[in-house]
A.B. asks: 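Here it is, the structure, as structure tokens.
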Amino acid sequence: MKLQSIFFVMMILFAHRAFCEVSDDEMNKSNNPLTPSVGLNFHDYIASSIFGTDETSNTFFLRGSTPQKIGGLPQLTRVSIPYLSVPGIDGDQITGVGDLNIFDIFLLRPIGNVQLGIGPYFVFPTASEDETGAGKWQIGFSGTAISPKPWGLVGALLTYQHDIAGDKDRPTQNITTFQPLIMYNLPAGFYARSTGIWFFNFETGDYYIPVGVGGGKIWKLESGINMNLFAEPQWTVAHEGDGVPNFQTFVGLNFQFPLHVQ
């Protein structure tokens, strides 16, 4: 995944050019997954240590999100397509496109300072290789709760998915993920973050719980576009089963576009 690394370095160098000051409120909006804006994200999970093997893996996500209204109800749709490099049976690395996933969050009325969203979750068997996808059509739900604070934000994202069709020879999918979100704002657009995704496979009993400690930097372009660059090492503190990350690094670059860019 050398191209991703080069891309991130180029964006860091670009970020030293003229940008506007970023307020704490703008930082919270840039890190809030429920902010109603158009988003383009480049995310990379680099697993340098995996339980049960000496191999490594890499999962790169291209993600896009857009707000919309259906029947007068505000919602936020996010589409993710992964490109993976995973260990093969003979020790070789298998690379290819993974399964496309979509969640559609309906933005509910806030309860106090807590923003809520819930909606359907879909997974489509678009993988180019058996090793890079589940081979199953899957549906489920997603829900999130976010509470912006003067110092940052806290919240969580929950997803559940179960297969409904697909290759009968492939394992049944019955999976839940839970992602705690903690962002702490620092001066000059910097912030600390922890966003490890807890993974639970109810079909096999396998699970892993990573804890991340990282940081990022947010820039605001004069056009109103926010750019968010971050890196977050994550350590697995509890797990069951092999083939799950022991240590991984989550790096990403997010662009958040206002609905009406001048």
Side-chain angles (χ1 to χ4, degrees), residues 28-45 59-82 84 98-127 133-148 153-166 172-183 193-203 206-210 212 228 232 234 244 250 252 254 256:
N28 284 351
K29 290 179 179 178
S30 185
N31 278 319
N32 189 341
L34 295 183
T35 298
S37 63
V38 176
L40 178 63
N41 303 335
F42 303 90
H43 291 169
D44 199 9
Y45 286 87
T59 303
F60 174 79
F61 285 96
L62 176 62
R63 288 174 163 148
S65 59
T66 182
Q68 55 190 312
K69 283 188 176 182
I70 294 182
L73 297 175
Q75 60 191 110
L76 188 66
T77 303
R78 189 185 79 176
V79 180
S80 301
I81 183 69
L84 301 90
D99 291 337
L100 176 75
N101 67 78
I102 300 174
F103 72 68
D104 191 30
I105 293 285
F106 287 85
L107 304 178
L108 307 179
R109 187 180 300 275
I111 299 178
N113 192 42
V114 180
Q115 302 170 358
L116 301 172
I118 190 170
Y121 183 76
F122 307 95
V123 180
F124 303 92
T126 57
K136 299 281 191 177
W137 297 83
Q138 304 171 59
I139 62 173
F141 68 87
S142 56
T144 187
I146 301 293
S147 179
L153 61 84
V154 294
L157 173 63
L158 175 73
T159 70
Y160 173 75
Q161 63 200 70
H162 199 295
D163 62 81
I164 57 171
T172 298
Q173 300 298 296
N174 184 10
I175 294 170
T176 288
T177 68
F178 177 75
Q179 183 180 24
L181 303 169
I182 303 174
M183 309 288 181
R193 57 180 287 134
S194 179
T195 64
I197 300 176
W198 305 2
F199 176 91
F200 303 90
N201 187 328
F202 295 124
E203 191 67 24
D206 293 349
Y207 69 90
Y208 67 97
I209 299 176
N228 186 348
E232 181 183 327
Q234 298 178 348
V244 299
F250 177 30
N254 299 342
Q256 195 176 75

A.B. asks: Please evaluate residues Leu40 and Leu62 with respect to the criterion side-chain contact (heavy atoms from CB on, under 4.5 Å), reporting the C-alpha separation (whole Å), side-chain torsions for both, the decisive distance (0.1 Å), and the verdict.
C.D. replies: CA-CA 8 Å; Leu40 178 63; Leu62 176 62; 4.0 Å; yes

A.B. asks: How far does CG of Leu158 sit from CD of Gln179, to the nearest 0.5 angstrom?
C.D. replies: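 The CG atom of Leu158 sits 11.0 Å away from the CD atom of Gln179.
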
A.B. asks: Kindly compute the distance separating OG (Ser80) from CG (Leu100), expressed to the nearest 0.5 Å.
C.D. replies: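 Separation between the atoms: 8.0 Å.
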
A.B. asks: Consider only side-chain N and O atoms of Asn101 and Gln161, and report whether a donor and an acceptor are under 3.5 Å apart.
C.D. replies: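 No - no donor-acceptor pair under 3.5 Å links their side chains.
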
A.B. asks: Which distance, rounded to the nearest 0.5 Å, do you find between the OG1 of Thr66 and the CD of Gln75?
C.D. replies: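 It comes to 10.0 Å.
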
A.B. asks: Sequence neighbours left out, what passes ring-ring contact (aromatic ring centres under 6.0 Å, His included) with Tyr208? Give chain and number order.
C.D. replies: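 Expected list: Phe199.
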
A.B. asks: I'd like to check the ring-ring contact (aromatic ring centres under 6.0 Å, His included) partners of Phe178; sequence neighbours left out, ordered by chain and number.
C.D. replies: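 Once residues adjacent in sequence are excluded, the partners of Phe178 under the ring-ring contact (aromatic ring centres under 6.0 Å, His included) criterion are Trp198.
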
A.B. asks: Look up atom CZ in Phe106 and atom CD1 in Ile70, then write down how far apart they are to the nearest 0.5 Å.
C.D. replies: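 If we round to the nearest 0.5 Å, Phe106:CZ and Ile70:CD1 are 5.5 Å apart.
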
A.B. asks: Search all heavy atoms of Gln173 against all heavy atoms of Ala134 and return the closest pair with its distance.
C.D. replies: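 Here Gln173 and Ala134 meet closest at CD-CB, 3.7 Å.
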
A.B. asks: Does the side chain of Ser142 come within less than 4.5 Å of Phe122's, by heavy atoms?
C.D. replies: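 No, every pair of side-chain atoms sits at 4.5 Å or beyond.
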
A.B. asks: Side-chain contact test, heavy atoms from C-beta onward, threshold under 4.5 Å: evaluate it for Asn113 versus Pro148 and give yes or no.
C.D. replies: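 Contact flag for Asn113/Pro148 side chains = yes.
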
A.B. asks: Checking side-chain contact (heavy atoms from CB on, under 4.5 Å) for the pair Phe42/Phe60: CA distance, chi angles, key distance, verdict?
C.D. replies: CA-CA 7 Å; Phe42 303 90; Phe60 174 79; 3.9 Å; yes

A.B. asks: Can you tell me which residue among Val154, Thr195, Asn32, Asn28 is in a side-chain contact (heavy atoms from CB on, under 4.5 Å) with Met183?
C.D. replies: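 Single pass found, and it is Thr195.
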
A.B. asks: Under 4.5 Å between any side-chain heavy atoms of Asn254 and His43, yes or no?
C.D. replies: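 Answer yes - side chains close enough.
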
A.B. asks: Which distance, rounded to the nearest 0.5 Å, do you find between the CD1 of Ile105 and the CG of Leu157?
C.D. replies: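 CG of Leu157 is found 6.5 Å from CD1 of Ile105.
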
A.B. asks: Could you give me the CA-CA distance, side-chain angles and deciding distance for Gln68 and Thr77, then say whether side-chain contact (heavy atoms from CB on, under 4.5 Å) is met?
C.D. replies: CA-CA 8 Å; Gln68 55 190 312; Thr77 303; 2.7 Å; yes

A.B. asks: Tell me whether the rings of Tyr207 and Phe200 are parallel (<30°), tilted (30 to 60°) or perpendicular (>60°).
C.D. replies: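 It falls in the parallel class, under 30°.
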
A.B. asks: Under a 3.5 Å threshold, yes or no: a donor from one side chain and an acceptor from the other, between Tyr121 and Asp104?
C.D. replies: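 On atom types as modelled, these side chains do not qualify, holding no pair under 3.5 Å.
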
A.B. asks: So, for Gln256 and Lys29, which heavy atoms are closest and what is the spacing to 0.1 Å?
C.D. replies: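 Taking Gln256 first and Lys29 second, the nearest heavy atoms are NE2-O, 3.0 Å.
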
A.B. asks: Enter the distance from Thr144:OG1 to Leu107:CG here, rounded to the nearest 0.5 Å.
C.D. replies: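 Going from OG1 on Thr144 over to CG on Leu107, the span is 10.0 Å.
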
A.B. asks: Could you tell me whether the side chain of His162 reaches within less than 4.5 Å of the side chain of Thr172, counting heavy atoms only?
C.D. replies: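 Touching, per the 4.5 Å side-chain cut-off.
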
A.B. asks: Could you report the tightest heavy-atom contact between Pro67 and Val38, atom names first, then the distance?
C.D. replies: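 The pair with the smallest heavy-atom distance is CD-N, 3.9 Å.
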
A.B. asks: With a 4.5 Å limit on heavy-atom distance, are the side chains of Phe61 and Asn41 in contact?
C.D. replies: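 They are not in side-chain contact.
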
A.B. asks: Taking the side chain as every heavy atom from C-beta outward, state whether Pro125 and Lys136 have any atom pair closer than 4.5 Å.
C.D. replies: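 They are not in side-chain contact.
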
A.B. asks: Indicate yes or no: at least one non-hydrogen side-chain atom of Leu181 is less than 4.5 angstrom from one of Pro33.
C.D. replies: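 Yes, close enough: below the 4.5 Å cut-off.
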
A.B. asks: Minimum heavy-atom separation for Leu116 to Arg109, with atom names?
C.D. replies: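 Distance-wise, the nearest heavy atoms are CD1-O, 4.4 Å.
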
A.B. asks: Considering non-hydrogen atoms only, spot the tightest contact between Pro74 and Lys69 and give its length.
C.D. replies: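 Nearest pair, atom of Pro74 first, then Lys69: CA-CG, 3.9 Å.
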
A.B. asks: Over all heavy atoms of both residues, which pair between Ile81 and Gly98 is shortest? Give the atoms and the distance, please.
C.D. replies: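 It is CD1-O, 3.8 Å.
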
A.B. asks: Listed by chain and number, what are the ring-ring contact (aromatic ring centres under 6.0 Å, His included) partners of Tyr45, not counting sequence neighbours?
C.D. replies: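 With neighbours one apart ignored, the set is Phe250.
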
